[in-house]
Amino acid sequence: MNAPMVEAKGVAKSYGALQVLKGLDLTVQRGEVTCLIGPSGSGKSTFLRCINHLEQHDSGVLRVEGELVGYELRHDKLYERSPKQICNQRANIGMVFQRFNLFQHLTVLENITIGQEKVKGVSEDAARRRARELLERVGLDAKEKSYPVQLSGGQQQRVAIARALAMEPKLMLFDEPTSALDPELVGEVLDVMRDLAKSGMTMIVVTHEMGFAREVANSVYFLDQGVIEESGPPAEVLGNPRTERLRSFLSKVL
């Protein structure tokens, strides 16, 4: 397929009278890393959640691999997809949240195998093999029998990344994956994400880690009050901001 991995045209989203997204246009090609930066409340996380239909966008067009997200076009009219169809779409999109969202009553290994078995129908043995490969990849192969409460925040987030990768997604979404971590634990999570980027995984990352964005991203989008104020290569956006609003934001986070 020649379609971009993600294509947004005029995507808007409101909660009552509050318009959170005001017509976003964004394109992410396969194998690219895109970072979304901006102040809290600018719409970054909402947009990320729209990509896998955890939130319904109100207007505009949002596609993943050329396919409409959450909707299908019939007789020139949009209809929301069935829950099963939406679940099938989400199975190709991995998402890592701020707060890990691990199942506390399951071991690390079980957290990674459950989705493979329940959603993808993978056998228990195959799911365990895949889980152990991924735990080794994120440096936690010795923790497979541990429970989330026995892990540090950084370790829990690495398990969450492994769990998302176990579903063999085409696209990974990261919603401020280091914001809930103590500063000394941030590096271990970013190292895993750097490795993913080098492997060619398409990633959209909401982050305040400007060093990571500068090093890894192909493009950076600066959002403010639901609008993309600036976008471009990281050296341009972070190194030579055009607007006073972005200069002010960077002065607080760099």
Okay, side chain of [X], backbone of [Y]: is any donor-acceptor separation there less than 3.5 Å?
| X | Y | answer |
| --- | --- | --- |
| K22 | A12 | no |
| R81 | I86 | no |
| S248 | E244 | no |
| E136 | E133 | no |
| Q157 | G154 | no |
| N111 | F103 | yes |
| Q156 | F100 | no |
| S14 | G16 | no |

Note, [X] side chain near [Y] side chain (heavy atom, < 4.5 Å):
| X | Y | value |
| --- | --- | --- |
| L68 | L78 | yes |
| L24 | Y221 | no |
| Q56 | E80 | yes |
| Q104 | Y147 | no |
| S199 | R137 | yes |
| S82 | Q85 | yes |
| N218 | T34 | no |
| P39 | R245 | yes |

hydrophobic_cluster_shared for [Y] and [X], side chain cutoff 4.5 Å:
| X | Y | result |
| --- | --- | --- |
| V11 | V61 | no |
| V205 | F97 | no |
| I161 | I204 | no |
| L223 | I51 | yes |
| I37 | L48 | no |

(Q) Run M167 and V119 through side-chain contact (heavy atoms from CB on, under 4.5 Å) and show every step you take. (A) CA-CA 9 Å; M167 303 300 286; V119 177; 3.8 Å; yes

[X] versus [Y], closest heavy-atom pair with distance:
| X | Y | result |
| --- | --- | --- |
| A197 | V216 | CB-CG1, 3.4 Å |
| L185 | G153 | CD1-N, 4.0 Å |
| P169 | G94 | CB-N, 3.4 Å |
| G43 | L21 | O-CD2, 3.3 Å |
| Q29 | P4 | OE1-CA, 3.7 Å |
| S146 | L151 | CB-CD2, 4.0 Å |

Qualifying residue, where the test is side chain to side chain contact (heavy atoms under 4.5 Å, CB included) with [X] and the options are [options]:
| X | options | result |
| --- | --- | --- |
| V64 | V69, N92, T202, V28 | V69 |
| V159 | L140, L109, L134 | L140 |
| M5 | E32, R63, R30, M203 | R30 |

**Q.** Between Y15 and E55: side-chain donor-acceptor atoms closer than 3.5 Å
**A.**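 Distance-only check passes for Y15 and E55.
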
Q. For H105 and E110, does a side-chain donor sit closer than 3.5 Å to a side-chain acceptor?
A.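 No pair is found: no donor N or O on one side chain lies under 3.5 Å from an acceptor on the other.
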
Q. Under the salt bridge (Lys or Arg N to Asp or Glu O under 4.0 Å) rule, what pairs show up with a residue in residues 155-180, not counting sequence neighbours?
A.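 Passing the test, one end in residues 155-180: E65-K170, R158-E188.
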
Side chain to side chain donor-acceptor pair (under 3.5 Å) involving [X] - partner list, sequence neighbours excluded:
| X | value |
| --- | --- |
| K13 | none |
| Q98 | S179 |
| N52 | none |

Answer yes or no: is there an ion pair linking [X] with [Y], defined by an N-O contact shorter than 4.0 Å?
| X | Y | result |
| --- | --- | --- |
| R132 | D141 | no |
| K9 | D25 | no |
| R194 | D191 | yes |
| E124 | R128 | yes |

(Q) Could you go through M172 and F174, starting from their C-alpha distance and side-chain angles, then the distance that decides it, and tell me whether this counts as side-chain contact (heavy atoms from CB on, under 4.5 Å)? (A) CA-CA 7 Å; M172 284 286 288; F174 293 86; 3.6 Å; yes

Q | H53 NE2 to C87 SG distance, which is reported to the nearest 0.5 Å | A |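 H53 atom NE2 to C87 atom SG measures 12.5 Å (nearest 0.5 Å).
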
Q) To the nearest 0.5 Å, what is the distance between OG (S40) and NE2 (H208)? A)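 Reported to 0.5 Å precision, the distance equals 5.0 Å.
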
**Q.** Residue pair T46, H57: steps toward the side-chain contact (heavy atoms from CB on, under 4.5 Å) verdict
**A.** CA-CA 9 Å; T46 298; H57 57 288; over 6 Å; no

Show me, pair by pair, the donor-acceptor contacts under 3.5 angstrom made by side chains of residues 226-241, not counting sequence neighbours?
residue: E230; atom: OE1; partner: R242; partner atom: N; Å: 3.1
residue: E230; atom: OE2; partner: R242; partner atom: N; Å: 3.0
residue: E230; atom: OE2; partner: T243; partner atom: N; Å: 2.7
residue: E230; atom: OE2; partner: T243; partner atom: OG1; Å: 2.7

Q | Which residues share a ring-ring contact (aromatic ring centres under 6.0 Å, His included) with F222, sequence neighbours left out | A |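 With neighbours one apart ignored, the set is F249.
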
Q.
Is there a side-chain contact (heavy atoms from CB on, under 4.5 Å) between L173 and I93? Walk through the geometry before answering.
A. CA-CA 7 Å; L173 309 176; I93 304 173; 3.6 Å; yes

